[in-house]
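See below for the structure under consideration.
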Amino acid sequence: MSRFEPNSTVNYEKMHENINIVRQRLGRPLTLSEKIVYGHLDDPVGQDIARGSTYLRLRPDRVAMQDATAQMAMLQFISSGLPRVAVPSTIHCDHLIEAQIGGVEDLQRAKEVNEEVYNFLASAGAKYGVGFWKPGSGIIHQIILENYAYPGVMLIGTDSHTPNGGGLGSICIGVGGADAVDVMAGIPWELKCPNVIGVKLTGSLSGWTSPKDVILKVAGILTVKGGTGAIVEYHGPGVDSISCTGMATICNMGAEIGATTSVFPYNHRMKTYMEKTGRGEIAVLADQFKEDLVPDNGCEYDQVVEINLSELKPHINGPFTPDLAHPVSEIGATAKKSGWPLEVKVGLIGSCTNSSYEDMGRAASLAKQALDKGLKCKAQFTVTPGSEQIRATIERDGYSKILRDVGGVVLANACGPCIGQWDRKDVKKGEKNTIVTSYNRNFTARNDANPATHAFVTSPEIVTAMAIAGTLDFNPETDYLTAANGEKFMLEPPTGDELPSKDFDPGQDTYQHPPADGAALTVIVSPSSNRLQLLEPFDRWHGKDMEEMRVLIKVKGKCTTDHISAAGPWLKFRGHLDNISNNMLIGAVNIDNEAINKVKNLLTGEFGGVPDVARHYKANGVNWVVVGDDNYGEGSSREHAALEPRHLGGRAIIVKSFARIHETNLKKQGLLPLTFADPKDYDKIRPDDKISITGLKTFAPGKPVTAVIKHSNGSQESITLNHTFNKNQIEWFQAGSALNRMKELQ
C-alpha cells in the first residue's frame with residue numbers, strides 16, 4: 001500500500017536535464033548528492049554554485065510535518081494568507097502519544113487528551129490541501145519511507161530525522177516550520193551549498209554487526225558537529241550488503257553528527273523495497289535513470305571516511321551524547337571505570353531509527369532463543385513499531401507474540417520514549433540508572449526527564465541481548481547466559497528476513513486525503529485555548545543599531561534544542577507560542593552560578609527563572625541577548641527554540657558556533673544569530689554586561705558586525721562578530737521575520 005498521490009509525478013526527465021546543465025557548467029564529475037540537489041535548482045543555468053559558501057535556491061518535491069511541529073508550521077501558513085499548498089504535503093500524528101501502559105490504551109488516551117490539536121491539524125490539512133495521517137498511523141519517517149520517498153526525490157520535513165529517507169536514495173532534509181511554509185507557498189527554498197563527506201564502505205555485514213553500528217562508528221569519528229554543513233554520502237562495494245531499511249537507519253542517525261542529510265546510491269535493495277511497498281512503477285523509472293541516481297566515476301568528496309564492514313564490531317554510544325562511541329566488548333570495563341550503573345533497568349527497541357520488519361525479526365530471533373531456554377528479560381523491555389503497517393505485519397507473522405512472551409510491552413506506533421513521551425514509574429527523578437535503546441539521541445534527561453538516567457544507544461539486537469542479560473557488561477559475542485535448567489549457553493547471532501515473504505499487512509486505514517477544494521472549510525482556533533494560538537506578526541527592525549541589551553543568560557557547555565525548548569510534557573503547548581515560551585532555556589546551564597533555570601534579573605537584583613526574567617525585561621522595554629558555546633542548538637529541528645526567544649524580547653544569539661537548522665530558524669524569526677570571530681571572546685562577556693550590536697545600518701553579506709561590551713565597572717571593549725546572512729535573509733531581519741517579508745512581497 002502506498003499513498004503516492006497522482007499529483008506527485010516523478011520528474012526524472014527534468015532532473016536529468018538540470019544535472020546535465022550543471023555538469024557542463026562545472027566541468028567535473030558530480031557526487032550523487034550533488035546530482036539530486038543541483039537537479040532541483042530553481043535556475044540551473046544562472047545559479048552560483050560553490051560548495052560550502054553560496055546559497056542555492058531549490059524546488060523540493062514535497063513537504064512532511066510531524067504533529068508537534070506541524071501546529072506552528074500550519075499556523076504560519078494560515079498567517080501567510082495563501083489559499084492552498086503549492087507542493088504535495090502531509091501531516092503525521094506521532095509525537096503527542098505518551099507511553100504509559102501499552103499501545104491500544106495509550107493511543108486511546110492520546111486521542112482524548114489531544115482532540116483539539118488533532119481536529120485543528122485535520123481541518124487545516126483539509127482546507128489547505130495537506131494529507132493527514134491520523135494518530136496511530138506511525139512515525140513520520142517510517143511513513144515517508146513506506147509511501148513517499150524514492151530515489152532522487154527532494155523532500156523537506158519539519159523534524160531533524162527526516163534524513164531517514166536517504167536509505168531510499170532520497171535527499172530528505174530536516175528544517176524548521178518557516179522553511180516548510182516557504183516550500184508550501186511555492187517559493188524557492190534556500191540552502192547553503194553543502195560540502196560532501198564520502199563514507200566508503202567495503203566488506204560486508206555479518207553476525208552481530210548491524211547497520212546501526214555503521215552510524216555509531218561514524219558518529220564516534222566525526223562527532224556531533226563533524227557533519228555540519230555537509231551531506232554524508234555512502235558509497236563503495238559494501239553498500240550492497242545493507243538492506244534498504246538498514247540504509248535508512250544509518251541516514252536517520254546522521255542527524256546526530258550535524259549533517260544536512262545522508263544518502264545511499266540506488267541499488268537492487270531499494271528496488272525490491274519499492275516493489276514490496278506498492279511503488280514498482282517508480283522502480284521501473286529509477287532503473288531507466290539509474291546513472292542520475294549514483295555518483296559519477298571520479299567525483300571528489302571534501303572528506304572521505306573508510307569503514308570495512310567485515311571488521312566492524314557491534315557498538316554502543318553514550319551516555320549523555322550520541323558520539324561517545326564504544327565497542328560493545330569494551331563498554332563493561334569503561335562503565336566500571338566511569339562509575340556508570342551496570343544494571344540495565346529498561347531496554348527499548350523501535351523508534352524512527354530502528355523499527356523495520358528486519359529489525360523486529362532480528363530482535364525476535366534472540367527473544368525466541370531466550371524463551372527456548374526458559375528465560376525472560378531481566379530488564380523491563382519495550383517495543384515501538386514504526387508504523388501501522390509494521391505493527392500489523394509483525395503481529396501476523398508472530399514477532400510481536402515472541403517479544404511479548406519474553407517480557408516486552410508493545411507500545412503505540414509513535415515516537416514515545418524516544419522523545420520523552422514516557423510516563424516512567426520504575427525510578428525516582430534523580431535516581432542514577434542505566435537504560436539501553438535503539439534510538440538515535442541520548443541527551444541528558446531526554447527520554448524520561450531524569451538527568452541521572454544514563455542512556456545508551458545501540459542496535460535493537462544488542463538492546464534485546466542486554467535486556468535479557470540485565471546488564472551493560474554483557475557481550476553476546478563472548479559471554480554466556482544461564483538457562484532455566486542451569487546450563488550455560490550463548491546466544492546465536494541474530495537472523496531476520498529483510499522483508500516479509502508475504503506482502504505487508506497494511507493494518508487499519510489511518511490516512512485522510514485532502515479534498516480537491518477546501519476553500520469552503522473552516523479552521524477553528526478558540527481564543528481561550530491553552531494549546532493553540534493564532535500568531536501575531538513580530539515587530540520590524542527599527543532601523544538603528546541594537547543598543548545596551550542585557551545578557552539574559554550566558555550558557556555554559558552543550559546547549560541543544562532540548563535545553564532551549566524541552567519536549568516531553570511541553571509538547572502539548574507546541575501550538576501556543578506564549579505558553580510554550582514558559583520553557584525557554586530552562587534546561588541550559590548558567591555559567592554565572594552553574595545552575596539550571598536560575599538567572600539574575602538585572603533590573604530588580606533578584607534571581608528568577610529564565611523565561612520569567614525575559615518576560616520582565618520585555619515588559620520594561622529591555623532587549624536582551626543569549627551568549628552560548630559551541631554547536632549551539634544541535635539536535636531537534638524544533639523552531640520553537642527560535643520562536644520563543646523572539647517572542648520574549650530577544651534580539652541576538654551570540655555563540656562560538658551554531659548547528660545548521662537552528663541558525664536558519666533564528667534567521668527566519670528575525671533574530672540575529674552571530675558567532676565570535678575569535679571564540680576566546682566568549683570569555684570577555686560577563687553576565688551583568690550591556691551589549692550593543694553596531695553596524696546594522698550597513699548590514700551586508702560577508703561583512704562582520706561589532707559588539708560593544710559595557711562592563712558594570714564602567715570599562716568597555718569591542719569585539720567582532722561574524723554572520724552567514726545573505727541578501728534575502730537580511731531582508732527577513734529588516735522585515736521582522738521571513739513570514740513578514742513573504743507578506744510584503746505578495
Side-chain angles (χ1 to χ4, degrees), residues 55-60 62-82 85-87 89 91 121 124 128 130 155-160 162 173-192 260 533-541 561 564-565 574-577 580-581 584 633 635-648 650-651 653 658-673 724-746:
Y55 279 88
L56 306 178
R57 290 167 65 79
L58 300 163
R59 292 284 185 181
R62 53 179 319 126
V63 174
M65 300 166 278
Q66 41 94 337
D67 50 357
T69 50
Q71 294 171 64
M72 199 55 72
M74 291 309 295
L75 286 165
Q76 290 177 88
F77 189 80
I78 291 168
S79 295
S80 76
L82 295 167
V85 296
V87 300
S89 304
I91 292 166
L121 292 173
Y128 296 105
V130 179
L155 178 150
I156 66 162
T158 60
D159 189 279
S160 56
T162 302
I173 300 176
V175 299
D179 274 351
V181 172
D182 279 358
V183 178
M184 290 191 292
I187 297 170
W189 174 61
E190 284 194 341
L191 176 73
K192 183 176 269 193
T260 301
Q533 179 187 47
L534 293 172
L535 297 173
E536 294 292 329
F538 289 131
D539 60 325
R540 290 180 55 83
W541 174 54
T561 48
I564 305 166
S565 177
R574 284 282 182 88
H576 196 296
L577 180 54
I580 191 76
S581 294
M584 185 189 73
S636 162
S637 70
R638 64 193 70 151
E639 67 182 334
H640 300 77
L643 283 158
E644 293 172 32
R646 183 72 165 97
H647 176 62
L648 295 185
R651 295 295 177 181
I653 312 292
F658 283 103
R660 174 191 65 87
I661 300 175
H662 187 59
E663 182 181 22
T664 302
N665 286 347
L666 291 167
K667 292 177 184 176
K668 287 275 184 181
Q669 304 307 337
L671 282 149
L672 289 169
T724 61
F725 281 81
N726 63 23
K727 181 175 174 293
N728 288 342
Q729 293 168 346
I730 289 170
E731 290 171 357
W732 301 345
F733 165 71
Q734 292 167 340
S737 71
L739 192 56
N740 288 0
R741 181 62 181 152
M742 184 196 296
K743 286 183 184 173
E744 288 176 358
L745 295 172
Q746 278 176 22

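Computed from heavy atoms alone, side chains included, the values below leave out hydrogens, waters and symmetry copies.
Under the 3.5 Å distance criterion, the side-chain polar atoms of Asp179 are left unmatched by any main-chain donor or acceptor of Trp189. Panel note: side chain Asn740, backbone Phe538; a donor-acceptor pair is recorded below 3.5 Å. No side-chain donor-acceptor contact under 3.5 Å links Thr158 to the backbone of Thr69.
Listed by chain and residue number, Tyr128 satisfy the ring-ring contact (aromatic ring centres under 6.0 Å, His included) test with Phe77 (two or more places apart in sequence, or in another chain). Residues satisfying the ring-ring contact (aromatic ring centres under 6.0 Å, His included) test with His640, not counting sequence neighbours, are none. Residues that satisfy the side chain to side chain donor-acceptor pair (under 3.5 Å) test with Arg59, not counting sequence neighbours, are Asp42.
Here the options are Arg574, Lys668, Gln76, the test is side-chain hydrogen bond (donor to acceptor under 3.5 Å, both in side chains), and the partner is Glu639; only Gln76 passes.
Here the side chains of Arg646 and Leu643 are not in contact, with every heavy-atom distance at 4.5 Å or above. Side chains of Met65 and Val130 form a contact here, defined as non-hydrogen atoms less than 4.5 Å apart. Contact annotation: the side chain of Met742 approaches that of Asp182 to within less than 4.5 Å [non-hydrogen atoms, C-beta and beyond].
For the atom pair OG of Ser89 and CE of Met74, the computed distance is 8.0 Å after rounding to the nearest 0.5 Å. Distance OG/Ser160 to NE2/His662: 13.0 Å, rounded to 0.5 Å.
Between Phe733 and Trp541, the two ring planes are tilted [angle within 30° to 60°].
With no hydrogens or angles considered, a side-chain donor-acceptor pair links Lys667 and Thr724 at under 3.5 Å.
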